[in-house]
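Here the structure is a predicted model, which is why all the values come from computation and not from measurement. Every heavy atom of this structure was used, including side-chain atoms; hydrogens, water molecules and symmetry mates were not.
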Amino acid sequence: MSLIIRRARPDEAGLVLSLVRELAEYEKLLHEVEATEADIGEALFGPNPRLFCDIAEWKGEVAGFAVWFINFSTFSGRSGIYLEDLFVRPALRGKGIGKALLSQLAGECVANGWSRLQWSVLDWNTPSIEFYKSLGAVLLDEWTVCKVTGPALTALAEGSG
């Protein structure tokens with residue numbers, strides 16, 4: 001078969017970081033990448049991993065990846081998967097690799113009795129939005145993603161946010 005999807009191996013933290021950087025460059029967010037190979041290695045392969053990564057290989061070449069973690073829905077009372085990153089290298093798009101990665105994650109949800117697979121997409125990324133819709137994804141336009149980082153995070157932690 002031309003496509004293999006497998007879990008990232010402990011010696012591949014550098015590969016995962018390079019894919020993160022490729023994704024960030026595509027999203028025009030490379031300036032935001034602070035993670036190091038050690039950070040990625042610890043998150044994926046440390047004593048209590050909370051992050052998972054599936055690697056897609058096309059004809060033996062690394063084609064892309066999905067980085068995800070387990071979340072929980074208080075409404076359904078069950079866990080699910082939050083897809084942090086999905087990326088297929090541009091030269092290998094259109095071969096069903098992205099769909100296969102998502103299918104793998106959906107299978108993980110179904111096999112574990114989890115209630116959902118969810119992720120975010122940049123609003124300007126029309127090709128990805130159309131792709132996700134074609135798979136049955138529902139865009140939740142009524143939700144706004146929030147984040148607190150840097151000095152605001154520190155201030156909030158100190159109670160002065």
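Between Y26 and W124, the angle of the ring planes lies from 30° to 60°, which puts this pair in the tilted group.
In this structure, W58 CH2 and I5 CD1 are separated by 11.0 Å, a value rounded to the nearest 0.5 Å. The distance from the CD atom of E142 to the CG atom of L140 is 5.5 Å, given to the nearest 0.5 Å. Taking CZ from F65 and CD from E84, the interatomic distance works out to 9.5 Å, rounded to the nearest 0.5 Å. Taking CG of L29 as the start and CZ of R21 as the end, the distance is 12.5 Å to the nearest 0.5 Å. Taking CG of L139 as the reference point, atom OG of S120 lies at 10.0 Å (rounded to 0.5 Å). To the nearest 0.5 angstrom, S115 atom OG is 10.5 Å from I81 atom CD1.
Two residues are said to be in side-chain contact when any heavy atoms from C-beta on lie closer than 4.5 Å; L86 and W119 fail this criterion. Between I97 and L101, some side-chain heavy-atom pair lies under the 4.5 Å cut-off. Looking at V62 and L19, their side chains come closer than 4.5 Å, going by heavy atoms from C-beta outward. By the 4.5 Å heavy-atom criterion applied to side chains, K28 and L122 are not counted as neighbours. Annotation: side chain of S79 is not in contact with side chain of R116 (no heavy-atom distance under 4.5 Å). The shortest side-chain heavy-atom distance between L102 and L83 falls under the 4.5 Å cut-off. No side-chain heavy atom of C146 sits less than 4.5 Å from a side-chain heavy atom of V148. Here the side chains of V67 and F87 are not in contact, with every heavy-atom distance at 4.5 Å or above.
Between W68 and A66, the shortest heavy-atom contact is CD1-O, 3.8 Å. For the residue pair V88 and G98, the shortest heavy atom distance occurs at CG2-N, 3.7 Å. Taking both residues in full, the closest heavy atoms of R78 and G113 are given as CD-O, 3.3 Å, listed atom of the first, atom of the second, then distance. Residues A35 and D39 approach most closely at CA-OD2, 3.5 Å, considering heavy atoms. Closest approach of G80 and W114 over heavy atoms only: CA-CB, 3.8 Å. Among all heavy-atom pairs drawn from A13 and E37, the shortest one is CB-O, 3.6 Å.
Using a 4.0 Å cut-off between a side-chain N of Lys or Arg and a carboxylate O of Asp or Glu, E61 and K95 do not qualify as a salt bridge. Under 4.0 Å is where a charged nitrogen must lie from a carboxylate oxygen, and between D54 and R6 no such pair does.
Environment of CD in E25: sparse, with no more than 12 heavy atoms of neighbouring residues, nucleotides or ligands closer than 6.0 Å. Surrounding CD of E32 are more than 12 heavy atoms belonging to other residues, nucleotides or ligands, all under 6.0 Å away.
Hydrophobic clustering keeps L117 apart from V110 (ILVMFWY residues linked when any side-chain heavy atoms are closer than 4.5 Å, directly or through intermediates). Grouping the Ile, Leu, Val, Met, Phe, Trp and Tyr side chains by contacts below 4.5 angstrom, directly or via other members, places I55 apart from F52. L105 and L51 sit in two unconnected hydrophobic clusters of ILVMFWY residues. Membership requires side-chain heavy atoms under 4.5 Å apart, directly or through other members.
Although no hydrogens or angles enter the test, the distance criterion places a donor-acceptor pair under 3.5 Å between the side chain of S18 and the main chain of L15.
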